[in-house]
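Reading through the structure tokens given below for one structure.
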Amino acid sequence: MYAELILPLALSGQYHYRVPEQGIFAEQQLLSGMRVVVSFGAKRFYTGIVRRLSPTPPEGVDERHIKPIESILDQKPLVTEAEFALWEWVAHYYHASLGQVMRLALPTGLLPESQTLVTLCPEYQSDRPLEPKALELLDALAQTKGQTLTMEQLRHRLGYDCSRVFDLLYNLGAVQTEERLKTRYKPRVKVYVALSTDYRSTDALSRAEELLSRAPKQLEMLGRWLILAEERGIGLEGCIAREELAQHSPRDLILIRALVGRGIFVLQHLAESRIAPHEDPPPITEIGKAEELTHPVSLVYTRYSREREEQIIGQVAQKIREGYQVLLLSPSAASFPAQAQFISELTRAALGKIYHYHPLINEAKRTELYLHLTSSEEACLVMGTRQAIFLPMRRLGLIIVDQEQEYLYKQQHSAPLFHARDVALWLGHKHSIPILLSSETPSAEAIFNVLRGKYALLAKSQPEATEQPHALAFDLKTIDLVEQREQGRMPYGASISPALREAMEGALRAGKRILLLQNRRGYAPYALCDACGGRIGCPHCNVSLAYHSSQRCMQCHYCGYEQPLPVACPSCGTRSVVYRRTERPALRLVGYGVERVEEEIKELFDQAEVLRIDSESLQSNKRIQELHQRIEAGNVDIIVGTQLIKGQPIWDNIGLIAVVQLDTILAYPDFRSEERAYQLLMQLLLHTSEASGGESSCQLLLQTARPEHPFIEMLKRRDYKSFIKQQLSLRQMLRFAPFWRMTYIRLKGTDESVVESIAQAFAELLIQRLGADRVSDAQEPYVARIDNQHIREIVCRRPFSESFHHEREAFAAAEQELTSLYPLAKRVRIIFDIDPL
DNA sequence: AGCACGCCGACT
DNA sequence: GTCGGCGTGCTC
């Protein structure tokens, strides 16, 4: 037999292995969907999944090159045909390899790989002097117990790349290596104590009592076991956890061991679930009957998040009662702590059967949930982030995509660049599972599909139905930054205008809290030289370094590069300049990040308690908890934050929301920037209004250099739907999504001229196949170099009503022709970003 | 992705 | 002359 495998790599070809007939393979039947371990390449071992089996060898491969399968990891198939179909669709649609999709779909705990173990050869005698680095390496090994380290551990201990020295020692025979599969997941094992089979009767037990007549402590322990078994009604066949029986006493552990020695007790090692819902069954509460989902896709478009949550809870309860599984996707796990109330209500709706699957859940738990789902069809609710769309839920009755407009549903940076909402829509279509999208500010795509009758709008959820005109009573004003500067009212280096300052003072006097939005991380986005006019850029990317005061360093937001703020300008060497007869540093921090705004606020309002919310303050679970403690303490007066504020529980008693620089939000070079800005501001307004029970008297102030921007006029109307309709007609004219399905093809390489010429050639090949009206020229993107990779971009468009197959075939064919025509194409990576955000 | 092999510049 | 960097090709 031969098996075609999916290997967790970015390879497009197919790889076959021989199924041995000896050993375990004779007893256990290998089936499609099982995991196997195979050797791949010179050294490594990988976990592969059997895609299909065949009695005949693959065509076009020399049989002598086919390696045997090393071992089988599963008793029964882990992956079903339905899941393969999903993986294959994702791979095809997003132009990625099946292996990349498999890596994404399975938790890493289920994909063990080999690691290299390095051992000291004991018989090695050094007959010539070795260089210090080699001695250091041997020393590190000699000091380890077993004289063995993994390659990573070795590298870590030495603190430098030791491959050269290692090769030297390997060739001398001083060290040897071995590839060992590293187990990434181990079940948690708990030890239980049971009566051995000889003593599971009353007769036998009285014999045991006689036997123990001179060991009263052991007899007492046996008695304790019997009492506990009696209490639990588990009978003589049952078992009791050893830690319970021993009650943390070391002496009791010795007694248990003695009874095992006498053959009265036996120890059983049983795997213990890490994910079992441990809460007591929740009290039955009345949850209203959910509105029936009559369409394949429905949109819950509510005004307030509470209404949205109620709809979701109702739908979950309904499906769980019907015995189905429900998947609830959220854009990010960072907002879960703030949604504790919602989650506890969901837990009740799911009758306690709720599981979590997101990056804050550890690997072992994620692995156990995956395994649990492959073997159980119990009705349950799974809450997760985008990767959870690949969970093997086999009795799925509903997928909910909460806050469907959020960009976090789209995977960035690593293939496949999938969008979890769109994958959910495909799954729903394929298996006739209803899809519920929910939002207070739906994406233009969702509204487009409602308008053309593809999605149903849940009747109870429409804001229009309940909304009074201008019920969102916000006093919206703009502050003209140019005017404030010209009037000399803005002090140099300030981001808060006097007008905003007065409004803030007013809000504080009225005992209200203030929310300031500045959508820029760090302290200052640029450092400019007053002598030469240059700016400090990242050495690896074509962007400026931003200054972060918290870490006191310049940071690149694209590649993560860090350096201290230089004393002298790196391009002209000037240290200081004289300005109005005073000397000051030549390098000047320019622009306003959220940290700088925070500093300015603290100076202006030294009595106020200021809280900053940005990616740094939401970095870890611990920092999130600290943040929530400060919020709950209730004495925060002013909150300064980036867009991340919208997931945090900060909406009580807000009297003023101010956007420090509206222009930085709108100027983002993307056709969706206005949509995003409107959604963000609208959500701030809605959350504030909701927290005040709709009686808010909140002010919204926009600082801008362009008060005449049409966006502001649209925002003043507070009519989200008409704003989106207007955006849609613009996009139709400009041939953007959702009228046209777009693909950004990014070409990356180290040599700029090679990337440029290959990109042009590729655009040409695509134009030949798809036509000049569908394919753009190769263009320099907004950031043309990241991490020393030069980038060019080609934009492809296809009408939304046209199938993607022709386009994908053209992509593949053009790629092939490119590599055959241009040898230089090997030096360029091509990335397909399908439906980019 | 990760490894081996081969070419070419830097330093002994 | 050797070392070591990096570009290139291959993996059933």
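Letters go in sequence order (proteins before strands), and every chain restarts at 1. What you see below is based on every heavy atom in this structure, not just the backbone, and it leaves out hydrogens, waters and symmetry mates.
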TODO: For residues 809-837 of chain A, pull every pair meeting ring-ring contact (aromatic ring centres under 6.0 Å, His included), keeping only residues two or more places apart or in separate chains.
DONE: His95(A)-Phe832(A), Phe811(A)-Phe832(A)
Task: Distance, rounded to the nearest Å, where Leu111(A) contributes CG and dA1(B) contributes P - done: 15 Å
Task: Non-neighbouring partners of Glu780(A) that pass salt bridge (Lys or Arg N to Asp or Glu O under 4.0 Å), sequence neighbours left out - done: Arg792(A)
- [ ] Provide, to the nearest angstrom, the distance between the CD1 atom belonging to Ile6(A) and the C1' atom belonging to dA1(B).
- [x] 17 Å
Open item on the list: By the 4.0 Å heavy-atom rule, please label Tyr2(A) as base, sugar-phosphate, or nothing.
Closed with: nothing
TODO: Hey, could you give me each pair passing ring-ring contact (aromatic ring centres under 6.0 Å, His included) that has a residue in residues 554-573 of chain A? Not counting sequence neighbours.
DONE: His540(A)-Tyr561(A), His548(A)-His557(A)
Open item on the list: Rounding to an integer number of Å, can you tell me how far Asp751(A) CG sits from dC6(C) C1'?
Closed with: 14 Å
- [ ] List in chain and number order the residues that pass salt bridge (Lys or Arg N to Asp or Glu O under 4.0 Å) with Arg421(A), two or more places apart in sequence or in another chain; answer none if no residue qualifies.
- [x] Glu404(A)
Task: Pairs touching residues 40-75 of chain A that satisfy ring-ring contact (aromatic ring centres under 6.0 Å, His included), sequence neighbours left out - done: Tyr15(A)-Phe40(A)
Task: Distance, rounded to the nearest Å, where His413(A) contributes NE2 and dA1(B) contributes C1' - done: 19 Å
Below 3.5 Å is the cut-off: list the nitrogen or oxygen pairs between protein and nucleotides 8-12 of chain C, distance only.
residue	atom	partner	partner atom	Å
dG9(C)	OP1	Lys826(A)	NZ	3.0
dT11(C)	O3'	Gly41(A)	N	3.3
dC12(C)	OP1	Tyr17(A)	OH	3.3
dC12(C)	OP2	Lys67(A)	NZ	2.8
dC12(C)	O3'	His16(A)	O	2.5
dC12(C)	O3'	Lys67(A)	N	2.8
dC12(C)	O2	His16(A)	N	3.2
dC12(C)	O2	His16(A)	ND1	3.4

Task: Whole-Å gap separating C1' (dA1(B)) and CD (Gln115(A)) - done: 17 Å
Open item on the list: Less than 6.0 angstrom separating the ring centers of Tyr94(A) and His419(A), yes or no?
Closed with: no
